[in-house]
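Taking it in order: structure first as structure tokens, then the write-up.
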Amino acid sequence: MASETAPTQHFIRQIVREDVDSGAQPVIRTRFPPEPNGHLHIGHAKAICLDFGIAAEFGGMCNLRLDDTNPGKELPEFVRGIQDDVHWLGFEWAELRHASDYFEVFYRAAEKLVCDGVAYVDDLDAGQVREFRGTLTEPGRNSPFRERGVDENLDLFRRMRAGEFGDGEKTLRAKIDMASGNINLRDPAIYRIRKQTHQNTGDRWPIYPMYDFAHCLSDAIEGITHSFCTLEFEDHRPLYDWFVDHVDLAGHLELVQPLLDAGMPCAPSKPRQIEFARGNLTYTVMSKRKLTELVNEGRVSGWDDPRMPTLSGARRRGFPPEALRSFWERMGVSKQNSNIDFGVLEACVREELDARAHRRMAVTEPLKLVLANLPETHEEIVEFPNHPKDESLGTRALPFSRTLWIERGDFAEVPPKGFKRLVPEGEVRLRGIGIIRCDAVIKDGQGEVVELHCSLDPATRPEGTETNRKVKGTIHWVSAAHAIEAEIRLFDRLFDTENPGEEKDGTSFKDNLNPDAKRVIRGYVEPAAAEAAPERHWQFERLGYFVADRHDHTPEKPVFNRTVSLRDTWARKSR
RNA sequence: UGGGGCGUAGCCAAGCGGUAAGGCACCGGGUUUUGAUCCCGGCAUGCGCAGGUUCGAAUCCUGCCGCCCCAGCCA
């Protein structure tokens with residue numbers, strides 16, 4: 001396992017720490033609250049790590065709550081996907097909830113606001129509401145329906161619930177302040193009419209609560225102490241507090257009775273919303289709209305395409321969940337908008353995989369190499385360690401024979417300066433075998449190198465007298481007669497510009513797609529690599545980290561995805 | 001003369017009045033049967049700018065400048 005660096009101090013940890021130490025919040029409760037209207041991506045992983053991580057760190061609990069208050073956008077397929085992704089990342093929720101579990105409570109809470117005279121039914125349509133709202137610099141005006149009496153409001157609201165009105169005909173609004181500089185406080189909508197089937201509650205409700213109303217009350221219902229969300233909700237916080245305070249679930253437990261009756265224990269809290277900055281990554285996009293476009297237009301094979309920044313894509317690509325977690329831990333949490341270098345993530349992936357991926361040999365661009373001084377029939381099995389540093393990972397049997405495949409790039413007739421691999425008349429070490437010398441270069445009619453004839457120095461074999469003789473290069477190989485042909489999918493960054501989502505000067509983010517982000521080739525792998533179970537990670541020595549494809553790989557027809565290449569200072573230098 | 005946030009190295013980020021942590025990247029060097037890993041060293045006289053307070057300021061005060069978010073019956 002990769003070594004965990006000390007947790008970086010950040011403001012959220014400090015706040016929670018203080019609340020715990022002062023006794024203000026002896027038990028920490030958090031929640032991860034996605035809307036089930038799409039798939040989770042690496043950006044969501046930051047929130048997941050924070051929500052679940054803080055709870056775990058302070059001995060508290062974290063719920064998974066599906067914020068499903070807008071029917072029509074939400075699908076059961078997404079709620080399943082979200083659960084899978086959170087589990088895969090390595091977290092377990094205390095309770096799985098849906099905001100829709102609380103619809104009855106929300107409704108009662110809304111009736112309470114009506115009775116308290118701080119909510120009213122408005123007949124204005126969407127366009128009129130917009131006109132009355134004012135602008136960023138001008139105050140809004142009161143709706144003509146703002147001063148309706150409590151009885152009329154209550155009657156109207158009940159009829160909204162009974163389904164007597166059509167979509168958009170009426171809304172329930174909070175009576176706050178149409179002149180507020182904070183537009184969220186200009187009589188925000190609490191309920192809208194939407195006669196649409198809901199993914200969890202079917203056709204039971206013709207009206208649905210708005211996010212601002214449902215979210216804070218859901219938090220309170222679940223006894224959430226610290227409610228983390230992203231920066232754009234900062235100006236919603238006054239409204240969050242307004243609803244929590246005016247509804248006052250803790251002081252009106254009758255509102256929560258439906259939950260108690262349903263056997264859902266409930267001790268409402270006064271949750272505190274704390275905002276942090278999202279984490280963006282270079283060379284990719286995270287917006288749901290853009291990701292959806294890539295999927296729908298067939299630019300990628302699906303939500304779990306290994307090039308996608310979705311969690312299912314990262315999984316298929318071979319990014320270990322531990323790497324995603326250590327990545328976000330390393331990045332910290334702050335309120336500054338950021339654009340994190342994709343290389344940091346890759347470094348985390350390499351760190352994790354270096355520690356635990358078994359080594360195997362594979363050749364992606366084969367060139368035949370014959371060890372001419374070995375007998376035609378020479379064949380042996382060498383025992384080779386799975387890891388250069390961790391002996392506990394054991395060994396595997398590696399077949400070796402007279403005819404091998406090596407990497408075409410490991411031979412050069414006219415070597416560039418600094419080249420350490422095989423050249424005519426030159427020597428190089430064959431990994432795990434010994435030192436070979438290139439005696440002859442065989443070419444075809446076009447002058448293309450098709451075969452190398454080499455001789456193996458027996459004294460440099462592991463049991464020989466000159467095992468430790470030094471040569472400058474070591475190359476990898478597979479035995480031609482024993483190697484298994486495999487499909488190898490070489491993945492790279494999805495986009496070839498740092499900020500593909502910018503779309504300046506009328507360009508589309510899709511113009512920045514990296515055409516080489518996926519290359520499918522056929523190569524050869526040693527038998528012990530082909531045997532892998534799906535999702536097994538290997539390091540193909542000198543090439544990179546690969547994973548057996550979750551869906552397409554079988555030992556008979558192996559398919560490996562390149563997760564990330566090895567760090568390559570040679571390629572960088574010779575660039 | 002709308003409201004809310006944010007400015008510390010190329011990218012993240014700690015710092016909470018006592019003299020700029022750490023990671024990634026980058027540049028040197030060492031070890032190495034993976035040009036990997038690992039190990040050592042270098043990388044902000046400087047914290048958006050300008051003033052002020054103080055023995056002492058990235059930290060406090062004032063004024064500027066820059067960037068982000070908000071006018072859904074989305075979340």
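Predicted model only: the values in this text are computed from it and were never measured. All chains are named by letter (A, B, ...) in the order of the sequence lines, taking the proteins before the strands, and each is independently numbered beginning at 1.
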Using a cut-off of 4.0 Å on non-hydrogen atoms, how would the nucleic acid contact of [X] be classed: base, sugar-phosphate, or nothing?
{"X": "A:A347", "value": "sugar-phosphate"}
{"X": "A:V564", "value": "nothing"}
{"X": "A:I207", "value": "nothing"}
{"X": "A:D167", "value": "nothing"}

[N] to [M] separation - [atom1] atoms, rounded to the nearest Å:
{"N": "B:rC55", "M": "B:rC65", "atom1": "P", "result": "32 Å"}
{"N": "B:rU59", "M": "B:rU8", "atom1": "C1'", "result": "11 Å"}
{"N": "B:rA14", "M": "B:rG23", "atom1": "C1'", "result": "11 Å"}
{"N": "B:rC70", "M": "B:rG28", "atom1": "P", "result": "45 Å"}
{"N": "B:rG22", "M": "B:rC43", "atom1": "C1'", "result": "14 Å"}
{"N": "B:rA13", "M": "B:rC49", "atom1": "C1'", "result": "23 Å"}
{"N": "B:rG10", "M": "B:rG72", "atom1": "P", "result": "39 Å"}
{"N": "B:rA21", "M": "B:rG15", "atom1": "P", "result": "14 Å"}

Does [X] put a side-chain nitrogen or oxygen below 4.0 Å from OP1 or OP2 of [N]?
{"X": "A:R186", "N": "B:rG2", "answer": "no"}
{"X": "A:Q336", "N": "B:rG5", "answer": "no"}
{"X": "A:S334", "N": "B:rA13", "answer": "yes"}
{"X": "A:R192", "N": "B:rC74", "answer": "yes"}

For [X], give me all partners under salt bridge (charged side-chain N to carboxylate O under 4.0 Å, His left out), at least two apart in sequence or on another chain.
{"X": "A:R130", "value": "none"}
{"X": "A:R429", "value": "none"}
{"X": "A:R408", "value": "A:E448"}

Nucleotide [N], atom [atom2] - distance to [atom1] of [X] in whole Å:
{"X": "A:Y283", "N": "B:rC11", "atom1": "OH", "atom2": "P", "value": "13 Å"}
{"X": "A:F132", "N": "B:rC73", "atom1": "CZ", "atom2": "P", "value": "14 Å"}
{"X": "A:L345", "N": "B:rG23", "atom1": "CG", "atom2": "C1'", "value": "13 Å"}
{"X": "A:D68", "N": "B:rC74", "atom1": "CG", "atom2": "P", "value": "15 Å"}
{"X": "A:Y211", "N": "B:rA75", "atom1": "OH", "atom2": "P", "value": "9 Å"}
{"X": "A:F243", "N": "B:rA75", "atom1": "CZ", "atom2": "P", "value": "12 Å"}
{"X": "A:K335", "N": "B:rA13", "atom1": "NZ", "atom2": "P", "value": "13 Å"}
{"X": "A:D187", "N": "B:rC73", "atom1": "CG", "atom2": "P", "value": "12 Å"}

Of B:rA14, B:rC73, B:rC12, the nucleotide closest to the side chain of A:Q9 is B:rA14

Can you figure out which of B:rC24, B:rC73, B:rA14 approaches the side chain of A:R330 most closely? B:rC24

Do you see a donor-acceptor pair shorter than 3.5 Å between the side chains of [X] and [Y]?
{"X": "A:D68", "Y": "A:H98", "result": "no"}
{"X": "A:R31", "Y": "A:S227", "result": "yes"}
{"X": "A:N70", "Y": "A:E35", "result": "no"}

Partner lookup for [N], please. Criteria are Watson-Crick or G-U wobble with both distances under 3.5 angstrom; report none if nothing qualifies.
{"N": "B:rC64", "value": "B:rG48"}
{"N": "B:rU8", "value": "B:rG15"}
{"N": "B:rC26", "value": "B:rG42"}

Sequence-distant partners of A:S334, side chain to side chain donor-acceptor pair (under 3.5 Å), two or more places apart: none

A:S338: what forms a side-chain contact (heavy atoms from CB on, under 4.5 Å) with it, not counting sequence neighbours? A:I340

I'd like to check the side-chain contact (heavy atoms from CB on, under 4.5 Å) partners of A:P388; sequence neighbours left out, ordered by chain and number. A:R359

With sequence neighbours excluded, give me every side-chain hydrogen bond (donor to acceptor under 3.5 Å, both in side chains) pair touching residues 464-473 of chain A. A:E427-A:R469, A:D457-A:R469

With the threshold set at 4.0 Å, does a side-chain nitrogen-carboxylate oxygen contact exist between A:E503 and A:R289? yes

Between A:V129 and A:Q14, which residue's closest nucleotide on RNA chain B lies nearer the 5′ terminus? A:Q14

Using the closest heavy atom to pick a nucleotide of RNA chain B for each, name whichever of A:F11 or A:D122 lands nearer the 5' end. A:F11

Testing A:L239, A:N184, A:V118 one by one against A:I176 for a side chain to side chain contact (heavy atoms under 4.5 Å, CB included), which residue passes? A:L239

Could you run down nucleotides 28-37 of chain B 5' to 3' and tag each one B, S or - for protein heavy-atom contact under 4.0 Å? -----BBBSB

Can you give one letter per nucleotide of nucleotides 67-72 of chain B, 5' to 3': B if a protein heavy atom sits under 4.0 Å from the base, S if only from the sugar-phosphate, - if neither? -SSBBS

Is B:rG52 in the syn or the anti form, by the rule that syn lies within 90° of 0? anti

